[in-house]
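Below: one structure, written as structure tokens.
When a ligand or atom number is given, it counts from 1 through the structure's own listing order.
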Amino acid sequence: MALFGAALLTGCQQAQQSLSIGDMASAFNREIWVMSIWAIALSVIIFIGVSFALFYTVQKFREDKHDAPPAQFHGNNKLEVWLVAVPVVIVIFLSVLTVRSMAILNPTPDQATKIDVLAKQFWWNFTYPETTADAGGKVANGNELLMPTRQPVALTVTSGDVIHGFWAPNIGGQRAAMPAVQKTWQVDTDRAGVYQGNCSQLCGASHANMRYKVVALEQERYNTVLAAMKAYRAPEPAAGSAEARGLQLFLQGKPETGAASCAGCHRVQGTSAAGQVGPDLSFFGTRRTLGAGMWESEKAQEMLIPWLKHAPRVKPGALMPTYDGSEYMSKGKMLKGGTLTDAEISDIAAYLRSLKLPEEADYWRDVPVIGAASTGGTQ
Ligand code: CUA
């Protein structure tokens with residue numbers, strides 16, 4: 001038991017914080033916890049009772065001193081009724097607890113903040129269906145989920161390809177993301193912070209690289225950020241700047257070298273880029289992660305150029321084409337990407353980095369990263 005316990009506890013290192021199913025800041029987790037305590041307590045009582053009865057019987061009837069046959073159960077109605085009734089009562093009790101918890105956790109109140117979650121190989125899109133951007137379209141963000149604290153948040157989860165699993169243990173629960181099926185349930189947390197989210201269903205080459213961040217903000221701050229997202233229009237780069245050249249390539253690609261446009265797959269709010277195949281890039285410059293949580297902070301900055309040059313080589317199975325002319329595998333086929341020069345790649349990077357929310361709406365600012373010292377906060 002001690003060895004088994006030690007093996008289990010190795011996963012609980014605080015800094016990893018990816019297995020924080022015991023985070024009591026979430027009403028969802030508290031409910032599950034209470035239910036588990038009942039089930040564990042009853043199991044312990046049964047274990048002690050059965051052990052006691054076993055040892056007692058073995059001890060007491062150790063040796064048959066007389067050759068008389070032992071007394072038989074069969075026909076002892078009283079004992080049989082007890083042996084059936086007690087387990088039935090325990091099972092009914094646990095069922096009632098479970099049904100009660102399900103009734104509390106599954107429905108979502110009308111006033112819950114609604115967020116649509118789309119899972120795809122190998123990234124996430126989070127759309128705010130109640131917030132239409134001034135520039136048109138619903139406000140959306142790739143791989144970084146913003147939610148308010150101290151209120152139920154209704155997540156509607158679906159998939160655009162294979163089955164994925166939405167799992168951010170701190171805010172409660174886990175749901176399969178399935179194509180053509182929409183599942184809604186509520187999550188919540190009382191504590192502002194950045195939490196780790198993962199894909200919990202083996203879904204392909206980059207299953208382990210299909211992560212996201214949950215940024216939980218106090219209501220007022222959440223409102224500020226969402227209002228800024230609603231009002232946001234991608235900045236117009238100054239003529240002749242690197243950003244302007246980047247925007248041009250972003251929207252049109254470079255057909256003469258076979259380099260596909262970024263806009264074919266990605267949306268940027270306030271521009272004509274409205275692609276829905278890849279993650280929403282409207283607030284790319286504010287985001288702290290790259291490659292669906294594969295890299296964070298400085299590492300994400302550093303990886304942007306290699307990412308743009310040949311995403312499938314730095315992230316196995318990524319469906320983005322290469323832009324340095326190299327071959328890559330996409331859905332089982334070898335393809336060859338178009339070609340952009342290093343200068344052009346760096347122009348696109350400059351444009352992407354300019355896609356920033358206003359300073360006061362930087363949702364990473366002053367948000368504690370729960371259980372980790374290495375990332376987030378005000379870095
Ligand atoms: Cu998506 Cu595993």
Can you tell me how the ring of Tyr222 sits relative to the ring of Tyr128, calling it parallel under 30°, perpendicular over 60° and tilted otherwise? tilted

How is the N/O/S atom of His164 that comes nearest to atom 1 (Cu) of ligand 1 named? ND1

Parallel, tilted or perpendicular: which fits the ring planes of Phe93 and Trp38, with parallel below 30° and perpendicular above 60°? perpendicular

Just one of Leu42, Val99, Val89 clears the side chain to side chain contact (heavy atoms under 4.5 Å, CB included) bar with Leu94, so which one? Leu42

Would you check if atom 2 (Cu) of ligand 1 lies under 2.8 Å from any N, O or S atom of Met210? no

Give a yes/no verdict on a cation-pi contact between Arg175 and Trp167, requiring under 6.0 Å between NZ or CZ and the six-membered ring centre and an angle within 45° of the axis. no

Nearest to atom 2 (Cu) of ligand 1, which N, O or S atom of His207 do we find? ND1

If you stand at atom 2 (Cu) of ligand 1 and look out to SG of Cys199 and O of Gln201, what angle do those two lines make, to 10°? 100°

